[in-house]
Amino acid sequence: MAHTSHQDMRRFLRREIAGTIGLLADEHDFTAMRRYRSFTFDDHTTYLDQVEALLRTRAEQGTHTTVALFDPEEYAEFCTETGLEPDIPSSRTRFTAELAATGAAVPYEGQPLTELVPELIDEAVRKATWEYATTLLAQIGTCACCGEDIGRTSFARATDLLTRILDTAAPGERHLVCSVSSKPQALVAVIRAEQDPDGATRLDETEALEFATVLALGIATRSPGGLVMRTSAPDTTDRVYGWRLRGDGLEPLTAGEVFDAYCTDVMSGDLVSPESGVDYCTPPDLGDGLGHGGTASDGRLH
């Protein structure tokens, strides 16, 4: 039987350890960390190059690494709350471990940082949007007429709407966007789904939860908003359609309204050329009047 040294054993065990790197994605955050003497980098570009080299090395060694967005302000608050000394590497390690469980993070899969950083920022925006919408829903309270929890009822309605929208969509890839004009800024949620050959819909459960939460907030607060669906499948024309939020239901957009929305530059308001191979159309009926501005008889908000 081959002899395995303690050093070899430890090397084998290191391959089993997943790691997390806290990334200072922008120059502002990097500059904020330079106030700590134990943070030895003095150039952001060099720092990013070294992080990318480390990620590649760990990947070549077969080690899984997650990259988390490191926020210096949150780090300072963490150290204050936990009584840790912020100017030592072990405190940054403790904070990074917390980020792996609760913060915005994405797995490193060999992609360059120029691709990973936008993914990480998108994940942070998604997480912040969901947390903000969840907080607002919880604060709305109960209906003065029926005593029902408005946030809970609205979430149930939003989940039902999402299910019906996906169930009535054409086979293939589905890309659904929900925007709600909440203050101080609009909230946007996106969900991507595909249909298996057996007809089952595959989607990311986290995306679905975030999407339903944002939609529920629009329903609960009667905020202006809308949903736009795009379906794609091989050898077929892409179809684009949508609805506007109307009370606690949805009102279908006309084909012309969808066309105008897609063919208008959101910054300048100028018209842009429509995509070829795209059918701007009216949405399918969701049933029970839900797709026509009506409201199902169960779960009405008063």
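All of these numbers come straight from a predicted model, not from anything done at the bench.
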Near Glu73 CD, under 6.0 Å, is it more than 12 heavy atoms from other residues, nucleotides or ligands? no

Taking only distance into account, with no hydrogens and no angle test, what donor-acceptor pairs under 3.5 Å do side-chain atoms of residues 109-122 form with protein atoms, sequence neighbours excluded?
residue : atom : partner : partner atom : Å
Gln111  : OE1  : Glu109  : N            : 2.6
Gln111  : NE2  : Pro107  : O            : 3.4

Is there a donor-acceptor pair closer than 3.5 Å between any side-chain N or O of [X] and the backbone N or O of [Y]?
{"X": "Arg58", "Y": "Thr63", "value": "no"}
{"X": "Thr153", "Y": "Ile150", "value": "no"}
{"X": "Asp87", "Y": "Ser38", "value": "yes"}
{"X": "Asp248", "Y": "Ile219", "value": "no"}

Reported CG-to-CG distance for the pair Leu48 and Asp43, which is rounded to 0.5 angstrom: 9.0 Å

Qualifying ring-ring contact (aromatic ring centres under 6.0 Å, His included) pairs, either residue in residues 103-141, two or more places apart: none

Between Tyr280 and Tyr241, ring centroids under 6.0 Å: no

Set of residues satisfying ring pair (Phe, Tyr, Trp, His ring centres under 6.0 Å) with respect to Phe78, sequence neighbours excluded: Phe95

Applied to residues 223-234, the side chain to side chain donor-acceptor pair (under 3.5 Å) test, sequence neighbours excluded, yields Thr221-Ser223, Arg230-Asp238, Arg230-Glu275, Ser232-Asp238

Please collect all side chain to side chain donor-acceptor pair (under 3.5 Å) contacts where either partner lies in residues 199-210, sequence neighbours excluded, each pair once. Arg126-Glu210, Arg192-Glu207, Glu194-Arg202, Asp196-Arg202

Side-chain cluster (under 4.5 Å, hydrophobic types only) that Ile88 belongs to, other residues: none

